[in-house]
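One structure is given below, encoded as structure tokens.
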Amino acid sequence: MEVIEGCRLPVLRRNQENEDEWPLAEILSVKDISGRKVFYVHYIDFNKRLDEWVTPERLDLKKIQFPKKEAKTPTKNGLPGSRPSSPERDLKRKLEAVSLTTQCSPATPVAPAPEIPTPVFAQQNGSVRRAVSVVTGRKRKAGCLGTDEDSQDSSDGIPSAPRMTGSLVSDRSHDDIVTRMKNIECIELGRHRLKPWYFSPYPQELTSLPVLYLCEFCLKYLKSLKCLQRHLTKCNLRHPPGNEIYRKGTISFFEIDGRKNKNYSQNLCLLAKCFLDHKTLYYDTDPFLFYVMTEYDCKGFHIVGYFSKEKESTEDYNVACILTLPPYQRRGYGKLLIEFSYELSKVEGKTGTPEKPLSDLGLLSYRSYWSQTILEILMELKSENGERPQITINEISELTSIKKEDVISTLQYLNLINYYKGQYILTLSEDIVEGHEKAMMKRHLRIDSKCLHFTPKDWSKRGKW
């Protein structure tokens with residue numbers, strides 16, 4: 001029985017609990033290594049970062065499902081219709097679509113939601129710790145919460161239009177024969193070896209190498225350790241090429257202009273693409289700023305993560321792409337990047353929001369940050385003259401620089417808004433308060449606004465970026 005591309009069958013894999021399981025997988029590619037076939041599989045209903053090459057012993061051939069043949073569409077003359085599309089033609093069409101999208105992509109029209117009346121306090125049951133009146137009388141936009149990278153629509157049912165995002169283009173239609181498979185086996189970056197999660201368009205001659213070497217300071221890619229060692233004797237950089245605008249302890253942030261430092265910006269995007277599936281690369285970095293977070297030691301400033309940002313955003317985006325490199329994940333750096341982006345918005349006197357759609361990990365990080373930041377504001381409110389504390393949605397937005405739509409969506413996500421006798425109130429239960437206090441005790445890394453040395457520029461008055 002020959003296993004071909006497009007077949008579906010159970011494949012043996014080891015889960016997080018170190019137990020064997022047989023999830024259904026699709027064969028994406030077959031190749032021959034030293035006379036033995038290996039298969040590249042995508043586990044159905046699993047994230048693409050888990051895709052891998054497997055040997056025949058891990059395939060359950062008893063339950064194999066062969067791909068169905070596509071029926072030819074007859075024409076008016078009774079002759080067969082157009083020939084089935086090839087991967088090359090599909091890729092060409094998709095690239096043309098992306099090109100057109102990046103040139104002129106109007107924002108998705110959003111229908112306003114019904115107006116929310118001014119809320120007042122109403123006594124709830126004993127499980128309520130405190131209640132806060134929310135005063136709001138303006139309409140809000142729908143679709144204010146980012147979507148998972150595998151979902152089709154936004155949280156309010158409105159499709160997210162592809163847009164140019166921080167030298168990476170959001171595009172759900174790029175899932176083709178070329179980009180579906182990881183093409184880099186391993187990346188050596190300083191003292192870390194990283195296993196990429198997704199496809200990244202590095203030069204094709206580098207994709208067959210067992211290890212791709214990157215200079216951790218300028219991010220230049222090299223094909224061998226000898227080339228890297230030779231490069232390091234000539235590379236004078238010990239930090240990202242840009243202005244250091246924040247330093248506290250060993251943490252520093254550097255601001256990099258995508259026009260002045262094109263090579264570095266493009267190399268950064270190539271590296272980021274290895275860990276961001278919902279983006280495709282776009283090489284025009286001129287309209288963007290990159291904020292790189294680093295950790296300092298005696299050897300230099302080592303990259304931890306970054307976010308990109310449009311120099312001019314008509315939709316108040318303060319983040320286009322955001323990434324914490326895998327060796328630094330689950331250590332609080334993701335929230336630190338998000339907090340820093342909002343600190344910049346505070347200095348600019350604006351409210352901001354990340355560009356949608358968010359990746360699955362990005363959505364979790366932003367929901368967590370919004371929840372903690374808003375709860376922090378609500379719990380600091382004090383009642384005056386024995387009356388219940390009051391705050392408006394606009395005031396929360398101004399205090400945090402979180403866009404009003406994101407504030408409302410977070411309150412709804414936390415199920416804090418209650419409708420009582422024709423009006424709205426916020427109620428904080430014991431569980432919410434206790435959960436928030438535990439989360440804040442674990443959050444040791446915070447941005448100190450006193451250590452930020454940042455002067456915003458008015459890019460609209462400049463002839464060129």
Side-chain angles (χ1 to χ4, degrees), residues 144 146 165-166 239-240 242-258 268 288-296 301 303-313 315-325 328 331-355 358 362-380 391 393-407 410 436 439-440 442-459:
C144 53
T165 57
H239 60 77
N243 299 323
E244 187 180 10
I245 60 173
Y246 179 90
R247 182 188 293 188
K248 185 174 183 182
T250 59
I251 301 295
S252 290
F253 279 85
F254 291 82
E255 182 184 58
I256 295 147
D257 191 320
L268 178 60
F288 299 94
L289 295 168
F290 298 83
Y291 295 90
V292 178
M293 180 169 63
T294 63
E295 258 190 351
Y296 174 77
F301 296 80
I303 181 171
V304 172
Y306 90 104
F307 66 88
S308 59
K309 176 180 178 179
E310 288 180 285
K311 293 175 180 176
E312 286 188 280
S313 175
E315 300 184 53
D316 298 327
Y317 293 136
N318 64 353
V319 166
C321 284
I322 186 167
L323 171 71
T324 305
L325 291 174
Y328 300 95
R331 290 166 58 179
Y333 289 115
K335 279 197 184 70
L336 199 67
L337 281 166
I338 296 171
E339 186 177 2
F340 189 78
S341 70
Y342 281 105
E343 284 296 327
L344 296 183
S345 295
K346 289 177 184 177
V347 176
E348 293 171 339
K350 300 176 180 177
T351 58
T353 186
E355 187 156 343
L358 293 168
L363 176 57
L364 290 174
S365 297
Y366 266 96
R367 272 182 174 167
S368 177
Y369 172 79
W370 289 333
S371 300
Q372 291 179 8
T373 304
I374 293 170
L375 286 172
E376 208 169 18
I377 296 293
L378 296 179
M379 291 177 66
E380 288 176 356
I391 192 169
I393 296 294
N394 284 338
E395 286 171 346
I396 296 175
S397 182
E398 288 170 6
L399 288 169
T400 60
S401 279
I402 299 174
K403 203 169 183 182
K404 190 169 63 173
E405 288 83 357
D406 294 330
V407 173
T410 303
H436 172 70
M440 295 306 292
K442 296 178 182 178
R443 191 172 160 188
H444 304 296
L445 293 174
R446 298 297 297 268
I447 294 295
D448 186 350
S449 58
K450 296 177 183 176
C451 300
L452 177 63
H453 305 284
F454 170 70
T455 304
K457 301 179 181 69
D458 188 355
W459 297 99

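- Put simply, the side chain of L337 reaches to within 4.5 Å of the side chain of M293, judged on heavy atoms.
- Between S397 and T351 the shortest heavy-atom distance is OG-CG2, 3.3 Å.
- Listed by chain and number, the residues in a side chain to side chain contact (heavy atoms under 4.5 Å, CB included) with S368 are K335, Q372 (sequence neighbours excluded).
- Partners of Y369 under the ring-ring contact (aromatic ring centres under 6.0 Å, His included) rule, at least two apart in sequence or in another chain, are Y342.
- Residues L452 and L344 form a side-chain contact, since some pair of their non-hydrogen atoms from C-beta on lies under 4.5 Å apart.
- Considering only residues two or more places apart in sequence or on other chains, Y333 meets the side chain to side chain donor-acceptor pair (under 3.5 Å) condition with E295.
- Judged by distance alone, the side chains of E244 and S252 do bring a donor and an acceptor atom under 3.5 Å apart.
- Across all non-hydrogen atoms, the minimal contact from S449 to E343 is CB-OE1, 3.7 Å.
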inquiry  = For a salt bridge (charged side-chain N to carboxylate O under 4.0 Å, His left out) check, start with the C-alpha distance between E348 and K309, then their side-chain angles and the critical distance, and finish with the verdict.
reply    = CA-CA 13 Å; E348 293 171 339; K309 176 180 178 179; 3.0 Å; yes
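- Side-chain contact check for F454 versus F253: every heavy-atom pair is 4.5 Å or farther apart.
- We find the CZ-CG distance between F307 and L323 to be 12.5 Å, quoted to the nearest 0.5 Å.
- Of the possible donor and acceptor atoms, none in the side chain of N243 sits under 3.5 Å from a partner among the backbone N and O of I245.
- For the pair L268 and I303, the minimum side-chain heavy-atom distance is below 4.5 Å.
- With contacts defined as side-chain heavy-atom distances shorter than 4.5 Å, the pair S365/I338 qualifies.
- In this structure, the side chains of Y366 and V319 come closer than 4.5 Å at one or more pairs of heavy atoms.
- H436 NE2 to L378 CG: the interatomic distance, rounded to the nearest 0.5 Å, is 9.0 Å.
- Shortest non-hydrogen contact noted between P240 and I256 is CB-CD1, 3.7 Å.
- Taking 4.5 Å as the limit, some side-chain heavy atom of K403 sits within range of a side-chain heavy atom of D316.
- Side-chain N or O atoms of Y246 include one that pairs as donor or acceptor with a backbone N or O of D448 at under 3.5 Å.
- Taking both residues in full, the closest heavy atoms of D406 and I402 are given as CB-CG2, 3.6 Å, listed atom of the first, atom of the second, then distance.
- Listed by chain and number, the residues in a ring-ring contact (aromatic ring centres under 6.0 Å, His included) with Y296 are F301 (sequence neighbours excluded).
- Judged as a salt bridge (Lys or Arg N to Asp or Glu O under 4.0 Å), and not counting sequence neighbours, the contacts of R446 are E339, E376.
- Annotation: side chain of L336 is in contact with side chain of I447 (closest heavy-atom distance under 4.5 Å).
- In this structure, CZ on F290 lies 9.5 Å from CG on D257, to the nearest 0.5 angstrom.
- Scanning all heavy atoms of the two residues, the minimum distance from V347 to P456 falls at CG1-CD, 3.8 Å.
- How far OG1 of T294 is from CD1 of I251: 7.0 Å, rounded to the nearest 0.5 Å.
- Annotation for W370 and P354: closest pair CZ2-CD, 3.7 Å, computed over non-hydrogen atoms.
- Atom CD1 of I393 sits about 10.5 Å away from atom CD of E405, to the nearest 0.5 Å.
- With rounding to the nearest 0.5 angstrom, the OG atom of S345 is 10.5 Å from the CZ atom of F340.
- Y291 meets the side chain to side chain donor-acceptor pair (under 3.5 Å) test with E255; sequence neighbours excluded.
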